[in-house]
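Below: one structure, written as C-alpha cells.
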There are 4 protein chains.
Amino acid sequence: MTQRKTAPDSSRRSQTSRRAILTSAFDLVAESGYGKLSIEAIAARAGVGKQTIYRWWPSKGAVLLDALLMLSEGQDEQLMALPDTGDLEADLKLVLHATVAELNDPRYAEPMRALTSELMHDPALAADYVERLDRPMQELKKDRLRSAQRAGQLAADLDLDVAVDLLFGPPLKRWLMHGGPLTDEYADAVVETALAGLRG
Amino acid sequence: MTQRKTAPDSSRRSQTSRRAILTSAFDLVAESGYGKLSIEAIAARAGVGKQTIYRWWPSKGAVLLDALLMLSEGQDEQLMALPDTGDLEADLKLVLHATVAELNDPRYAEPMRALTSELMHDPALAADYVERLDRPMQELKKDRLRSAQRAGQLAADLDLDVAVDLLFGPPLKRWLMHGGPLTDEYADAVVETALAGLRG
Amino acid sequence: MTQRKTAPDSSRRSQTSRRAILTSAFDLVAESGYGKLSIEAIAARAGVGKQTIYRWWPSKGAVLLDALLMLSEGQDEQLMALPDTGDLEADLKLVLHATVAELNDPRYAEPMRALTSELMHDPALAADYVERLDRPMQELKKDRLRSAQRAGQLAADLDLDVAVDLLFGPPLKRWLMHGGPLTDEYADAVVETALAGLRG
Amino acid sequence: MTQRKTAPDSSRRSQTSRRAILTSAFDLVAESGYGKLSIEAIAARAGVGKQTIYRWWPSKGAVLLDALLMLSEGQDEQLMALPDTGDLEADLKLVLHATVAELNDPRYAEPMRALTSELMHDPALAADYVERLDRPMQELKKDRLRSAQRAGQLAADLDLDVAVDLLFGPPLKRWLMHGGPLTDEYADAVVETALAGLRG
DNA sequence: GGATAACCGAGACGGTACGTCCGGTCTTACC
DNA sequence: GGTAAGACCGGACGTACCGTCTCGGTTATCC
C-alpha cells in the first residue's frame, strides 16, 4: 500500500502549511537530531495544528520522506542523469564522492538516518521510499552502467542491479555501522576493486 | 566512550535478573516488533524493577546489543572460524547464504532491525556494537580472505576491509532498503560478480 | 499566590472529567485512606489521563480542596447561616456537635485529614484553603457571635476572631493530636467554659 | 501498640549511629522542608545504612518523634515545671509567648509540622506521641492550673483538660490553618478572654 | 582467646508513584 | 471543508524512594 494519503493534494489544501511542515521537519531533525523530532514539535515550529499533519501524512517518517523529496523538487521533470564522459571509472568515482559527501554532511545525513530508521519498521513507508526515491536513483545508475556495458567496458552478462549494489552497498554499510571512515579514498578503492574483481 | 556501564558486572549483580532482562528483550522484539519494545515492557516481562535495567544499561539499544551477544555466549572462547575448504567461492556463498537466512528469519531479523535502528542515533552504542560484534565478525571474514590471498586466489594488494564490504555491503543494502528480494541467488550473484569484477 | 490555576475553568474544559476527578479523589481517600491517594490512582479511577489532572491542579492537595468544596456547591449562593434562636449557648452547642460529628465521621474525616496534612507543607494551598473554605466559615461564626454581642449576651469589646478560635480551637486540637475523645460532652464543656470563663 | 521497637536499645546498638540519624533527620527537615525528608536522605546524611534505620524505627515519623525528644533530653529527670509566681494571668501569658515563639521559629516549626502531619495518618505513632510528649506537657500545664484552682483563682468545678485546650487550642488552630498572624498580642488576648469568658 | 552472633555501611533488588512528554483523536471557532 | 489551537485518554519515559534482602567487615559477648 503506497502513501495514497499524501497524493490527493486537494485543491483546498494549504500549500503554505505543507511547506512549513516539511521544512520544519527537515530543520528540526538536522538541528537537534532524531530524538527531538516529534509531531508536536513539527506542528509547533511550523505554526500548524497537529491535525493538519495527521490529515495528510500517516507517520512522521512519511513527512520526512516528503521533506527529502521536496529538496529535489527543482530538477523535477528532467531527472538529471549521471555524468557520462566515457571514462567509467572516473565517472563512478565522481558519483561515489558525491554520495560520500552527502552522507558525511550532517545537514543531510541526520534526516536520512532518521528516515532510514523509520523505513526499517514501516514496510508501507519503505515501499513508498523505494518507489519515489530509491528506484529512480537506481535506474539512473543502471543507465550509466548500461551505457558502459554497450561500450564493452562491462561484462555483457552483468546483472546491473547487482552491479549497482556492489558499488553503493559498501559505503552504505560503513555509514550505517560506523565501521570505519567514509572517505573519498575508500570510495575510490571500492570502485577500483569492484571493477577489477577481488581476484585482481 | 564505550559502554563501560555494561562491563563491570559487579559481583553484587544478580545474574538471574540480567538473563531474564536479556531474554525478555529479545523475545519481546521478536514476537511483537520494535514498537512494543519499551523498558517498561522488558521489566514487566522479566519480573524486574525498571531501575535494575537503568542501573546496568544506558538505553534499550544497549540491552538489545547484550541480548544478541548473549546468544553467541556459548562458543565464546574458541571463536568459530569461517569454513575453509580451499574453494573460496563455495565457502563465501555458504557464508552469505547463512547471512541471508538470518536476515530473512523474523526471529533474528526483528531484533537486529531494532538494534540497527538504535545504532543510527546513538554513536556510543554504535562504537560498542562495532567493537563487540561487528569487528570480530569482520576479522573472521578477513581471516578467510587472507587465507585465500596467501593461496594466490585473491589479488596480492587487495584491501581486505574493502573486500569484505564488497561482499557483505550489497545484501545489507537490500535488507535495509527493501530494495529487492534477498535470496540465495542474489547472494551467489554478489559473490561471483565481486570475485570476477564488473568488467568480467 | 492563590490557586489561579484552578479558577479559569476555560470554556474548553471538560466538566465531566472535572467531576469524575473530584469524586474519585474524595472517594478514594474516604475508602482507602490517605496512603492510597495518588494522582495515578485518581486518574485511573476517574478514567482520565494524568495530564488532565496536572493541567488544572498544581497538587493532589488542590484536588482534595476542590473536592471538598464541590460537596457544598449546592447551597452556593445563599450561604447558609448558623442557627440563631436567641439562645446563644444552645446554638453554639448545636454547631459544635455538628463539627464533632463531622470530624468523627470517617467519610469526611479522612479527606479532611488528608487535606490538612497537605496544607501544612504547602503555603499556597493553605492560603487558598483559608480564602475559600476557612474564612467563609469563620465569617459565618462571627456573624452569629456578632448578633449575640448586639443582644448584649457577649462582652462589648470582645475580639470575635479570638472568640471563634476559643470555641473551635479546642476540638481541633483533640482531633489532630488524638489527645482524648472527641464527644458531644466535650463540646458542651468547651462552650460552657468559654462562655463563663476559666474563673467561672 | 506503643513503639516498643524503639525501646530495647540493646547494648549492642550504636549510639553514634542513633544520634547521627536523629540529628540528620531534624536538620534535613529544618533546612529543606518535609518534602526532602526521606529515609534514604537521612541515611545518606547520617552516613548510615538504611537497614540501621529500619531496624530501630518503624517509620520516619517515629524517627522525627525521637529527634524532637532528643532535644529535651538534657532536662530529663526533673521535668521542669511551669512558672508559678502567683499571678496566673502573667504566668500563662509567659508560657503562651514561649509556645508562639517556638511555633514561629522555622527551625522548630518545620520538624513539628512534619511530625504532626505523620501523626494524622499513623495512630500508633500518635499514641506514642501523646504518651511521650503531649501528655507530660498537658500534665505540667494542668499542674499550674490546679495550683491556681487551689488558690481560688479558677472555678472549683473546672475541667482542667478542657481549660488547657481552651488556652492552647486557639494558637494551634492559627498555626495549622495559617488563619491569621500568630503573635504575642494574640496570645495575650486568648489568655484574657479565656480567663474572663466570652460574656466578659 | 576463638567462635559466633548481632550490628553495621553499603547498595542491589522488585516495586509504586512521580511529573513530563508525546501519540493519535476529537472539539471548537475561524475563514 | 480546511485550519490553528489545544483538551482529552493513554502510555512510556527516566527518577526518586519504598521496604527487603544480601554482602563483607567490625565488635563484643559467651563458651
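All chains are named by letter (A, B, ...) in the order of the sequence lines, taking the proteins before the strands, and each is independently numbered beginning at 1. Because the structure is a prediction, the values reported are computed rather than measured.
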- Item | Non-hydrogen side-chain atoms of Leu119(B) and Leu115(B) separated by less than 4.5 Å | yes
- Can you tell me if the side-chain N/O atoms of Arg12(C) get under 4.0 Å from OP1 or OP2 in dT27(E)? no
- Item | Distance test, side-chain N/O of Trp56(C) to OP1/OP2 of dC8(F), below 4.0 Å | yes
- Item | First encountered from the 5' end of DNA chain E, between Gln51(C) and Thr52(B) | Thr52(B)
- Starting from P on dC8(F), measure out to CD1 on Ile53(C) and report it in whole angstrom. 11 Å
- Using whole Å, report how far CD1 of Ile21(D) lies from C1' of dC7(E). 12 Å
- Closest to the Lys60(A) side chain: dC18(F), dC18(E), dG23(E)? dG23(E)
- Query: dT15(F) P sits how many Å from Arg55(B) CZ, rounded?
  - Reply: 12 Å
- Message: Between Asp27(B) and Arg107(B) (salt bridge meaning N to carboxylate O under 4.0 Å), is one present in this structure?
- Response: yes
- Rounded to the nearest angstrom, tell me the gap between atom CD in Glu40(D) and atom P in dT20(F). 13 Å
- Flag the pair Asp66(B) and Arg19(B) as a salt bridge only when some basic side-chain nitrogen lies within less than 4.0 angstrom of an acidic carboxylate oxygen. no
- Query: Below 3.5 Å, does any donor atom in the side chain of Lys50(A) face an acceptor in the base of dG6(F), or the other way round?
  - Reply: no
- Item | Gap between atoms CZ and C1', on Arg18(B) and dA12(E) respectively (whole Å) | 16 Å
- Rounded off to whole Å, could you give me the NZ-to-C1' distance for the Lys36(D) and dA16(F) pair? 10 Å
- Interatomic distance, Ile39(D) CD1 vs dT20(F) P [rounded to whole Å]: 11 Å
- Query: Rounding to a whole Å, what distance do you find between Trp57(A):CH2 and dT3(F):C1'?
  - Reply: 13 Å
- For residues Tyr34(C) and Glu118(C), is any side-chain donor paired with an opposing acceptor at under 3.5 Å? yes
- Look at Ser17(C) and dC9(F) and indicate whether a side-chain polar atom (N or O) is within less than 4.0 Å of OP1 or OP2. yes
- Message: With a 3.5 Å distance limit and no angle check, can you tell me whether Ser24(D) reaches the backbone of Ala20(D) through a side-chain donor-acceptor pair?
- Response: yes
- On DNA chain F, nearest-nucleotide positions of Gly47(C) versus Gly35(D): which is more 5'? Gly47(C)
